[in-house]
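Everything below concerns the one structure shown next.
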Amino acid sequence: MNATQWLLFILIVQLIHFLGTWKLYVKAGHKAWEAAVPVYNAIILMKIIKRPKWWVLLLFIPIINLLMFPVIWVETIRSFGRTSLKETWLVILTLGFYIYYVNYSLDVSYVENRSLQPQSVAGEWVSSIVFAVVAATLVHTYFIQPYVIPTGSLERTLRIGDLLFVSKFHYGARTPMTPISAPMVHDTLPILNIPSYLNKPQLPYFRLPGFKDIKRKEIVVFSWPADTVRRFFKREKGVKKPIDKKSNYVKRCVGLPGDSLQIINGYVFVNGKQLELPDRAKPMYQHVVTADTDIVKIANVLGRENFRGRIMQMPTHVLEKDKAKEIIKIAGLNEVRRDSSFVYYAGNITDQRIANILEVKSVSNMGLFNLVEKEAKSLEGKNGIIKIDKFEETNPNTRVFPQHNALKGTVDNFGPIYIPKKGATISLNVSTLPWYKKILKDYEGNTVGVKGNQVLINGEVAETYTFKQDYYWMMGDNRHSSEDSRIWGYVPENHIVGTPIFIWMSVDNFVDANGKTNPPWKWKPRWDRIFTTVNGTGQPVSYFRYFLIALAAWFAFDYFRKKKKTKSE
């Protein structure tokens, strides 16, 4: 829905409001035309139902207004004496159109001195719950959103089972684009497992002012650009979701709009310089570990969760065989090392016939492990470990962005690429098109085609293109276990959600071996990570004990205050 369509929609809503309430405005001592003037009619309505004028603001805040409309409908009919439970449900279930019946068919009078206090305990509970939900939705949508780390793409910087508070106001809150959706849930209604929103109408993208821009090396939460799944972890194809209902991802921003970025031997280079991560970052890479004992025993030392499998050696002459090349490709084996006689591959070959063709012999004292680089260097010569070499994926493939045969790369050797900046103009031809085709088509709404050696945008020959928004490059710190921009490309500015600021809870055993969330009673708290900040420098410090002390002090103060008040009475 564009701006013109949205304006037309608002005018239709105003017309519906006027036709359904003008006689009630008159009976309340106002003019009929006052029900027709946008915004002003809402101010007058607040006066009629005796509610504060600032409620008008809530009626124009997406998502919040969905909660407020039923409240306003009920308050309107009650201001004219229609207070029965039956009529309350009628006005809600008819989406407010019961007010038309009250306006035209009933002889009602305005209740000048209507009491605003709930008439029953149940009514008081309902009133409290409604406004609690409104307040919580306002905070959740525009200020702070809870988020859980479901995958290990940022291990060990952020760990699976870290429960975060994500700030939306740092970069400026993105106003909801899907106005008709359930409050405080993302893309799926719990228990029912159905979409929590309607695809239409859609609001234009808009972001409230923030107090900072995204900085290089910051951890950012964003809507996953390549999301085609109905629910996170539930693999499906062809699902189209609104931007603000795409699955939320958390990665580190390593490239800003206008940057030139390249990955060499697994290290990120920005504008020709190697990117130095902050001291709290703990990037992990896969390493080839050689030991003087069975590698499974070493796995007990380095951590079973870090063990990626044995390494297999293959005689170099076997590589010339066509069947060997085909099997290597099908099995997805990764070359991790090469010498004059052997090529070493990471992978598991369970079929003995394949092993015979490849003349493969498992090397029992070599294995692949996911380790922090500084940690890996310190382990050499200890616990039977002879040598540790950083793994590097060397075989170019189309798994990486932009998935094009002429632009193959690996997650360890990639680029260089240009990260688009709003207002920047690039030369466009059939060679550069693959890098930007998704931007042109999916993110900026153009039709794209190729005719001979010419690029067509919206049916016209184009030799240049000017970008309409900023783009970012996001990567996980767990470099060989992260699906990130190296796979699906740029992150548009309108996909940015916020930045994590605080870990309020952290637990081990959050998920089982299949990635399914365990029930809470199986969780094991990581006390040293609870109530720690995400950003900053130095070793993270837990403020949990200080929180408990402050909480105990408050309860003590409240107890003695009430006790003193009771004595004075």
Side-chain angles (χ1 to χ4, degrees), residues 6-135 137-138 179-183 198 200-201:
W6 186 245
L7 179 62
L8 181 61
F9 175 75
I10 291 175
L11 291 176
I12 292 173
V13 170
Q14 294 297 320
L15 179 62
I16 292 172
H17 174 76
F18 169 72
L19 293 176
T21 61
W22 68 271
K23 291 183 70 174
L24 299 180
Y25 274 68
V26 172
K27 289 183 178 181
H30 294 274
K31 304 295 184 182
W33 63 264
E34 291 180 301
V37 181
V39 183
Y40 180 70
N41 56 9
I43 295 173
I44 297 301
L45 183 60
M46 294 307 116
K47 188 176 180 180
I48 292 172
I49 67 176
K50 299 189 182 322
R51 292 300 182 179
K53 293 179 181 178
W54 60 263
W55 274 30
V56 174
L57 295 175
L58 301 181
L59 297 179
F60 291 91
I61 300 176
I63 304 301
I64 303 300
N65 52 14
L66 292 183
L67 301 173
M68 290 302 300
F69 286 150
V71 175
I72 299 299
W73 299 334
V74 171
E75 292 286 300
T76 298
I77 64 171
R78 286 183 176 179
S79 295
F80 294 89
R82 318 310 296 182
T83 59
S84 70
L85 181 61
K86 176 183 177 182
E87 288 181 296
T88 297
W89 278 111
L90 274 173
V91 75
I92 293 173
L93 294 176
T94 61
L95 302 180
F97 281 97
Y98 180 69
I99 295 174
Y100 271 69
Y101 177 74
V102 176
N103 188 54
Y104 290 107
S105 300
L106 298 180
D107 185 17
V108 295
S109 299
Y110 178 58
V111 182
E112 183 72 36
N113 298 312
R114 180 174 70 95
S115 173
L116 300 181
Q117 297 299 319
Q119 301 301 306
S120 65
V121 174
E124 188 171 348
W125 271 98
V126 170
S127 178
S128 298
I129 290 172
V130 167
F131 285 101
V133 171
V134 169
T137 302
L138 186 65
I180 304 180
S181 60
L198 296 181
K200 294 182 179 180

Worked verdict on R78 versus T88 for side chain to side chain contact (heavy atoms under 4.5 Å, CB included): CA-CA 9 Å; R78 286 183 176 179; T88 297; 3.4 Å; yes

Tell me every residue that passes side chain to side chain contact (heavy atoms under 4.5 Å, CB included) with [X], counting only those two or more places apart in sequence or in another chain.
| X | value |
| --- | --- |
| A182 | V185, L189, S196 |
| T94 | F97, Y98 |
| K86 | S84, L90 |

Can you see which heavy atom on [X] is nearest to which on [Y], and at what distance?
| X | Y | answer |
| --- | --- | --- |
| P201 | P179 | O-CD, 3.2 Å |
| A35 | T21 | CB-OG1, 3.9 Å |
| M46 | P52 | CG-O, 3.8 Å |

How about [X] and [Y]: do any of their side-chain heavy atoms sit closer than 4.5 Å?
| X | Y | result |
| --- | --- | --- |
| T76 | V102 | no |
| I63 | S181 | yes |
| L24 | V108 | yes |
| L45 | N41 | no |
| K200 | I180 | no |

Verdict with supporting geometry, L58 and I61, side chain to side chain contact (heavy atoms under 4.5 Å, CB included): CA-CA 5 Å; L58 301 181; I61 300 176; 4.3 Å; yes

Nearest 0.5 Å, please: how far is CD1 in I16 from CD1 in I99?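 Reported to 0.5 Å precision, the distance equals 12.0 Å.
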
To the nearest 0.5 Å, what is the distance between CD1 on I48 and CD1 on I72?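 I48 CD1 to I72 CD1: 11.5 Å, rounded to 0.5 Å.
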
side-chain hydrogen bond (donor to acceptor under 3.5 Å, both in side chains) partners of [X], counting only residues at least two apart:
| X | result |
| --- | --- |
| R51 | E75 |
| N103 | none |
| Y100 | none |
| T137 | none |

For residues 57-96, which residue pairs pass the ring pair (Phe, Tyr, Trp, His ring centres under 6.0 Å) check, not counting sequence neighbours?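 Passing the test, one end in residues 57-96: F80-Y110.
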
Which is it for V130 and L67 under the side chain to side chain contact (heavy atoms under 4.5 Å, CB included) test, yes or no, and what are the steps along the way? CA-CA 8 Å; V130 167; L67 301 173; over 6 Å; no

Please collect all salt bridge (charged side-chain N to carboxylate O under 4.0 Å, His left out) contacts where either partner lies in residues 21-43, sequence neighbours excluded, each pair once.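 For residues 21-43: none.
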
Please list all pairs passing the salt bridge (charged side-chain N to carboxylate O under 4.0 Å, His left out) test where one or both residues lie in residues 100-111, with sequence neighbours left out.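 Of all non-adjacent pairs touching residues 100-111, none passes salt bridge (charged side-chain N to carboxylate O under 4.0 Å, His left out).
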
For the backbone of A42 and the side chain of K53, can you confirm whether one donor and one acceptor N or O come within less than 3.5 Å of each other?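 Between the backbone of A42 and the side chain of K53 there is no qualifying donor-acceptor contact (under 3.5 Å).
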
For H30, ring-ring contact (aromatic ring centres under 6.0 Å, His included) partners two or more places apart: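 Not a single residue meets the ring-ring contact (aromatic ring centres under 6.0 Å, His included) criterion with H30.
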
Taking only residues two or more places apart in sequence or in another chain, which ones pass salt bridge (Lys or Arg N to Asp or Glu O under 4.0 Å) with R82?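 Partners of R82 by the salt bridge (Lys or Arg N to Asp or Glu O under 4.0 Å) criterion, ordered by chain and then number, come out as E87.
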
How are the rings of Y25 and H17 set relative to one another: parallel (under 30°), tilted (30 to 60°) or perpendicular (over 60°)?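 Because their plane-to-plane angle is over 60°, the rings of Y25 and H17 count as perpendicular.
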
